[in-house]
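In this text the structure is predicted, and so the values were computed from the model without any measurement. Count residues from 1 along the sequence.
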Amino acid sequence: MSLFDDDRPKKPVAHEIGSDLSLLSVDELKTRIALMQTEIARLESEMARKASGRQAAENLFRS
């Protein structure tokens with residue numbers, strides 16, 4: 001067995017921005033939408049966490 005398994009199949013990307021959607025079923029589109037909504041929520045949560053940390057730091061230095 002080699003150190004690098006280049007022959008191993010790569011996991012398909014769940015969704016790529018700008019990809020052709022015409023071959024997807026309605027269920028596949030719904031699945032992708034749910035995946036993206038979950039990712040958006042995760043991004044917004046991280047953004048809020050960082051904004052909160054920044055605000056705490058600003059408050060500390062204003063005191």
Side-chain angles (χ1 to χ4, degrees):
M1 187 163 154
S2 70
L3 290 174
F4 306 104
D5 293 329
D6 292 334
D7 295 336
R8 201 171 1 156
K10 295 188 169 87
K11 183 178 178 184
V13 176
H15 182 75
E16 185 176 325
I17 304 294
S19 63
D20 182 16
L21 304 175
S22 63
L23 299 176
L24 299 176
S25 69
V26 171
D27 285 339
E28 289 171 318
L29 291 169
K30 287 179 181 179
T31 299
R32 288 186 183 206
I33 289 170
L35 175 72
M36 295 178 84
Q37 287 172 332
T38 301
E39 182 64 6
I40 289 169
R42 188 177 76 92
L43 291 165
E44 288 175 336
S45 174
E46 181 65 13
M47 206 167 52
R49 186 186 70 78
K50 288 185 177 202
S52 173
R54 180 184 177 123
Q55 186 61 46
E58 286 177 2
N59 289 341
L60 178 68
F61 289 110
R62 283 188 195 158
S63 298

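- If you take OG1 on Thr31 and NE2 on His15, they are separated by 12.5 Å, rounding to the nearest 0.5 Å.
- We find the OG-CZ distance between Ser19 and Arg32 to be 5.0 Å, quoted to the nearest 0.5 Å.
- A distance-only check finds a donor-acceptor pair linking the side chain of Thr38 to the backbone of Ala34 [under 3.5 Å].
- Remark: Leu21 CG to Glu28 CD distance equals 10.5 Å, nearest 0.5 Å.
- In the model, Asp27 has no side-chain atom that pairs as donor or acceptor with a side-chain atom of Ser25 under 3.5 Å.
- Atom CD of Gln37 sits about 12.0 Å away from atom NZ of Lys30, to the nearest 0.5 Å.
- Among Glu44, Glu46, Glu39, the one residue that satisfies the side chain to side chain contact (heavy atoms under 4.5 Å, CB included) test with Arg42 is Glu39.
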